[in-house]
Amino acid sequence: MPPALSPWSTLRHRAFRGLWGFGGLFFLGNAMQTMAAAWMMVELTGSDFLAALVQTAVFLPMFLLSLPAGVLADTADRLRLMSAALAVQASAGVLLTALAVSGHAGPATVLGLIFVTGCCTALMSPAWNSTIGDALPRSELPGAIVAISINWNAARAVGPALAGLIFAQFGGGWNFALAALGTLGMLAAVRRWPPRPHPPTRLPPERLWGGTLSGLRFARHSDLVLAQLIRTVAYSGAGSALWALLPLIGQRQLGLGAAGYGLLMACLGTGAVAVGLVIGRLRSRVGLEGIMAAGCIVFALVMLVAGTVRWAPAVYASLVCGGAAWMAVMSTLNTATQTSVPPWVRARALAMHTVCALGSFALGSALWGALSGLFGLGQALVGAAIVMAAGLLLVKPFPLRVGATQEVTPAVTPWEELFVAHEPSPEAGPVAVEIAYRVHPQESEVFLDLLTQLRATRRRDGATFWRIYRDLSDPSRFCERFIVTSWADYLHQRARATLADQDLESRVRAFVRPGEAVTVTHYIAER
């Protein structure tokens, strides 16, 4: 990766500075709320599984709702979406505060309302993340992501420690109250610095289900994005063990109270903030894979220490290293995903990254909590460390890189006009498109190798089927045929071409024999 700008240089943009500041208050409130809920579950139930389930209640909504929320962020009014989600989250926080302060918050109530707030966060996150991208130039996006990550991890460092002190002195209800105030601050910020409206288009609007499928199709047929998402799942799923079992490490292994547990969380956050100050330079020196390898090894060692050592200072020191490793890897994966997709699918790509990161985190938390209850805390953490180290085997089949500028920049115009006698309705389909090329027979193998590279492009942008055919009556004539679900989807597919796609089509068409023309024919299903 090229050298990154300092994350603090991004704060000169007023809109980004405002969103960053109020976002920090929102993150701080959420961190305090999660810590208070987890410790409350330990005190109320003493159950490994229910204590770990708090993390699941926080992050499982990301797995369930982030992708539909990404579709809405790409196609609907982002300001209205964020405002509605934040208003409901603030209301749930106020209700949780009232029940906790009055002593009527039982385990089911706490988990249920935490789940509601998690749903609201999942619905607004893709829109908020894409709003951040609107607030500054693309060249400064890596620095902005680091600044946001520092903000989030600083909240995770300060929030739990502060929540532990408040919990010990006044009880968990006041942590929930501060979280509700942070949510109201975020609501004020997005209304003060709203996202840019989506650019006007004559294309038919995408519907929720179709937009969800198109986002999934893009990720499936983009080797670049698919590798990033698979590596995210592997790292987050294995690493979730430490985060989920930390209350039990503090209570059972180290004999700490609520304030001590907050200090454990603060150590993780401190390491994350520290590495955030130098992560740009580290990436430019060692590359993406160097960051990933170091992060996997360090975090695996930290889980081994946390699962086997009972001397508190050693655990504190290891958690600082663990927080640094977690921040380095997750911010690197987030940056790679955000900078590797074109604008039409950016919010959905962010949502898919969230689904992979926090969905695997939520499911992993429940799994490692259950394994801890069955086999013991130490054994669960040792097992998680082994799984984390095994993630290094993914380097060869799923290598990481950042998308080039031409791979994410939309092409100015499509290749050809639509020569159709009567344009069908947007819902009509399926649509079959046939593109015929006539090339010199001696160049056919090289031509076919290059034409095959269009498979990923067509499938990624909307095609459900793609094949190459040779004309049996004319060995020099080849047909590329693909099928799109509807006429509206075909129009969207044409509009999604990037400069890299355009360059690839130029190289394909360069093989066409002089004097011959590429012909495009459209077919609509009748029966």
### Query
Which residues satisfy the salt bridge (charged side-chain N to carboxylate O under 4.0 Å, His left out) test with Arg191, sequence neighbours excluded?
none
### Query
Got Leu263 and Leu256 here, is their nearest side-chain heavy-atom distance under 4.5 Å?
no
### Atom CH2 of Trp174 with >12 non-hydrogen neighbours under 6.0 angstrom
no
### Query
Going by heavy atoms in the side chains, are Arg231 and Val395 under 4.5 Å from each other?
yes
### Task
Spell out, as yes or no, whether a donor-acceptor pair under 3.5 Å connects the side chain of Arg78 to the backbone of Met124.
no
#### Entry: Donor-acceptor contact present, side-chain Ser222 to main-chain Ala219, <3.5 Å
no
#### Entry: Gap separating the OG1 atom of Thr109 from the CD1 atom of Ile114, nearest 0.5 angstrom
11.5 Å
### Query
If you look at every heavy atom in Pro126 and Ser66, which pair is closest and at what distance?
CG-O, 3.8 Å
### Task
Would you check if Thr232 and Met330 make a side-chain contact, meaning some heavy-atom pair closer than 4.5 Å?
yes
### Task
Compare every heavy atom of Leu96 with every heavy atom of Phe176, then report the nearest pair and how far apart it is.
CD1-CG, 3.6 Å
### Message
For the backbone of Trp368 and the side chain of Ser372, can you confirm whether one donor and one acceptor N or O come within less than 3.5 Å of each other?
### Response
no
### Summary
Sorted by chain and number, sequence neighbours left out, side chain to side chain contact (heavy atoms under 4.5 Å, CB included) with Leu178 holds for Met32, Ile166, Leu181
### Message
Looking at every non-hydrogen atom in both residues, tell me the closest pair between Leu394 and Ala234 and how far apart they are.
### Response
CD1-CB, 3.5 Å
### Task
Could you walk me through whether Leu246 and Leu268 pass the side-chain contact (heavy atoms from CB on, under 4.5 Å) test, one step at a time?
CA-CA 11 Å; Leu246 202 59; Leu268 285 166; 3.7 Å; yes
### Query
Can the ring centres of Phe26 and Trp128 be said to be less than 6.0 Å apart?
no
### Query
Looking at CD1 of Ile291 and SG of Cys296, how far apart are the two atoms once the value is rounded to the nearest 0.5 Å?
11.5 Å
### Task
Under the side-chain contact (heavy atoms from CB on, under 4.5 Å) rule, what do Val58 and Asn30 come out as? Steps first, then yes or no, please.
CA-CA 9 Å; Val58 171; Asn30 281 354; over 6 Å; no
### Query
Ser83 side chain to Arg80 main-chain N or O, any donor-acceptor pair under 3.5 Å?
no
### Query
Taking side chain as C-beta onward, heavy atoms only, is Leu350 less than 4.5 Å from Asn334?
yes
### Message
Does the plane of the ring in Phe361 sit parallel, tilted or perpendicular to the ring in Trp243? Use 30° and 60° as the thresholds.
### Response
tilted
### Point-to-point distance, once rounded to the nearest 0.5 Å, from CD of Gln89 to OG1 of Thr117
5.5 Å
### Task
Look at the side chain of Ser102 and the backbone N and O of Leu99, then say whether any donor-acceptor pair between them is shorter than 3.5 Å.
yes
#### Entry: Beyond-backbone contact of Val341 with Phe218, side-chain heavy atoms, under 4.5 angstrom
yes
### Message
For the backbone of Ala31 and the side chain of Thr34, can you confirm whether one donor and one acceptor N or O come within less than 3.5 Å of each other?
### Response
no
### Task
Carefully, step by step, assess Val116 and Leu95 under the rule side-chain contact (heavy atoms from CB on, under 4.5 Å).
CA-CA 11 Å; Val116 170; Leu95 177 58; over 6 Å; no
### Task
For Glu289 and Leu400, indicate whether the former's side chain and the latter's backbone hold a donor-acceptor pair under 3.5 Å.
yes
Validation: residues 312-325 side-chain donor-acceptor distances under 3.5 Å, sequence neighbours left out:
unit_1	atom_1	unit_2	atom_2	d
Ser318	OG	Ala314	O	3.4
Ser318	OG	Val315	O	2.8

#### Entry: Considering all heavy atoms, the nearest Met82-Ala127 contact
CG-CB, 3.7 Å
### Message
How close do Arg348 and Gly70 get, counting heavy atoms only, and between which atoms?
### Response
CG-C, 3.7 Å
### Query
Can you find a heavy atom in the side chain of Met352 that is under 4.5 Å from one in the side chain of Leu67?
yes
### Task
For this output row, return yes or no: ring centroids of Trp326 and Tyr235 closer than 6.0 angstrom.
yes
### Task
Using modelled atom types only, decide if a donor and an acceptor are shared between the side chain of Thr183 and the backbone of Ala90 within a distance under 3.5 Å.
no
### Task
Please name the pair of heavy atoms, one in Ala85 and one in Leu123, separated by the smallest distance, quoted to 0.1 Å.
CB-CB, 4.2 Å
### Query
Donor-acceptor pair, Gln228 side chain versus Phe398 backbone, under 3.5 Å?
no
### Message
Taking Met327's backbone N and O only, do any of them form a donor-acceptor pair with Ser331's side chain (distance below 3.5 Å, no angle check)?
### Response
yes
### Query
Quick one: CE on Met388 to CD1 on Ile297, what's the gap to the nearest 0.5 Å?
11.5 Å
### Query
For the atom pair CZ (Arg401) and CG (Asp223), what is the distance rounded to the nearest 0.5 Å?
9.0 Å
### Message
Would you compute the distance between atom CH2 of Trp193 and atom CZ of Arg17 and round it to the nearest 0.5 angstrom?
### Response
8.0 Å
### Query
Between Leu377 and Gln253, is a side-chain contact (heavy atoms from CB on, under 4.5 Å) present by the stated rule, with each step listed?
CA-CA 9 Å; Leu377 178 62; Gln253 194 151 305; 3.8 Å; yes
### Task
Would you indicate whether the side-chain heavy atoms of Ile249 and Leu242 approach each other to under 4.5 Å?
yes
#### Entry: Minimum side-chain heavy-atom gap Val54-Leu111 below 4.5 Å
yes
